[in-house]
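Take a look at the structure below.
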Amino acid sequence: MNVNIYIETAYSGPAKRRMAGAWMAEYLLQSGKPITRGGILYADITTENEMALLLLKHAFSILTKTCCVRVFTTCTHVLHTMQNHWIRQWQENNWKNAKGKTVGNAYVWQQCAVLLEQHVTEWTDEEHSYRQCMRGRLRKEMERDHRLKSPENYLVVEVPEWNTGKGNGKYAEK
């Protein structure tokens, strides 16, 4: 099965800040019917890199069988890591980078590595048809005041219109 995964964040760069990010997965059933699944994550304190990894974790967690996956992201850290196969090197070096330091967000990279290993992936920063829709929804989410119980928590926001017949618009703090 061929799957496209789209990852968008409200901000780019390494600064920790209040942020929302969106993920969407798109594929065709054997009948030819297109299916989309997606959602939004919100955090009071996070970086673009951590948010992009959390979004990838959510997107890949819906895949129940081996797929050919094309991932669209503008997060340069994630893009370069995957295109340059650094994740394999980090795994072999016990999650240490080339300088011997622990990889940033190693705990999320480890979770993603498990989910990614069963798929064939391609990584790109190309423009896609969902980008403006996703960014518009992120702007709306950033206008809301979610007031999470703890700064380490994040909020999962279901987006019914992105989930072909699924979802009910619930919010769930993690």
Side-chain angles (χ1 to χ4, degrees), residues 3-25 37-63 69-128 130-144 146 148 150-157 159 162 172-174:
V3 177
N4 288 331
I5 290 179
Y6 308 97
I7 302 295
E8 295 293 332
T9 57
Y11 297 107
S12 60
K16 285 191 171 199
R17 64 181 88 192
R18 183 174 161 263
M19 187 179 310
W23 68 272
M24 187 180 296
R37 297 280 187 263
I40 290 177
L41 299 180
Y42 168 87
D44 282 333
I45 301 174
T46 193
T47 63
E48 176 196 22
N49 295 345
E50 182 179 33
M51 178 60 75
L53 289 170
L54 291 169
L55 294 165
L56 283 171
K57 184 177 120 180
H58 278 266
F60 274 89
S61 70
I62 70 161
L63 304 178
V69 183
R70 188 167 194 213
V71 180
F72 294 78
T73 182
T74 56
C75 180
T76 55
H77 176 63
V78 169
L79 192 63
H80 291 159
T81 295
M82 298 312 296
Q83 289 176 335
N84 295 310
H85 309 287
W86 295 339
I87 194 169
R88 283 197 184 112
Q89 293 170 7
W90 295 341
Q91 286 174 304
E92 291 170 6
N93 294 333
N94 199 27
W95 298 98
K96 304 281 185 202
N97 65 21
K99 295 179 182 177
K101 295 182 180 179
T102 301
V103 170
N105 301 306
Y107 63 99
V108 190
W109 274 115
Q110 291 168 7
Q111 294 170 356
C112 286
V114 170
L115 292 168
L116 293 170
E117 69 186 11
Q118 62 185 318
H119 305 287
V120 177
T121 60
E122 176 186 354
W123 300 80
T124 182
D125 61 355
E126 292 175 11
E127 188 66 34
H128 59 83
Y130 294 109
R131 183 164 285 148
Q132 293 310 314
C133 168
M134 293 171 81
R135 286 186 176 171
R137 186 64 167 79
L138 288 176
R139 280 191 295 278
K140 288 180 183 176
E141 208 57 51
M142 289 298 294
E143 291 172 1
R144 295 184 177 170
H146 293 297
L148 300 179
S150 170
E152 297 81 34
N153 290 4
Y154 62 92
L155 185 69
V156 177
V157 180
V159 184
W162 294 356
E173 193 168 332
K174 300 282 183 182

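Since the model is a prediction, treat every value here as computed from it, not as a measurement. Each residue takes its place number in the sequence, starting with 1.
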Between atom [atom1] of [X] and atom [atom2] of [Y], what is the distance when rounded to the nearest 0.5 Å?
X      : Y      : atom1 : atom2 : result
Met19  : Leu54  : CE    : CG    : 10.5 Å
Asn49  : Thr76  : CG    : OG1   : 7.0 Å
Thr47  : His77  : OG1   : NE2   : 8.5 Å
Leu63  : Ile5   : CG    : CD1   : 5.0 Å
Asn153 : Thr46  : CG    : OG1   : 12.0 Å
Met142 : Lys140 : CE    : NZ    : 15.0 Å

| task | Using the side-chain hydrogen bond (donor to acceptor under 3.5 Å, both in side chains) rule, collect all pairs that involve residues 8-23, keeping only residues at least two apart or in two chains. | result |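 Qualifying pairs: Glu8-His128, Glu8-Arg131, Glu8-Arg135, Arg18-Tyr42.
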
| message | Taking side-chain hydrogen bond (donor to acceptor under 3.5 Å, both in side chains) as the cut-off, I'd like each qualifying pair that reaches into residues 105-114, sequence neighbours left out, listed once. | response |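 Sorted pair list: Glu50-Tyr107, Lys57-Gln111.
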
Measure the shortest side-chain to side-chain distance between [X] and [Y] over non-hydrogen atoms and say whether it is less than 4.5 angstrom.
X      : Y      : result
Val157 : Arg137 : yes
Val71  : Thr124 : no
Leu155 : Leu148 : yes

Qualifying residues under side-chain hydrogen bond (donor to acceptor under 3.5 Å, both in side chains), relative to [X], sequence neighbours excluded:
X      : value
Glu48  : none
Glu122 : Arg70
Trp86  : none

| field | Counterpart residues, side chain to side chain contact (heavy atoms under 4.5 Å, CB included), relative to Asn97 (two or more places apart) | value |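 For Asn97, the residues satisfying side chain to side chain contact (heavy atoms under 4.5 Å, CB included) (neighbours in sequence not counted) are Trp90, Lys99, Lys101, Val103.
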
| field | Residues which pass side chain to side chain contact (heavy atoms under 4.5 Å, CB included) with Thr102, listed by chain and number, not counting sequence neighbours | value |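 Lys96, Ala106.
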
| Minimum heavy-atom separation for Ala113 to Ile87, with atom names? |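 Shortest heavy-atom separation between Ala113 and Ile87 comes out as CB-CD1, 3.8 Å.
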
| Is the closest basic N to carboxylate O distance between Arg88 and Glu92 below 4.0 Å? |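 No, this pair does not count.
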
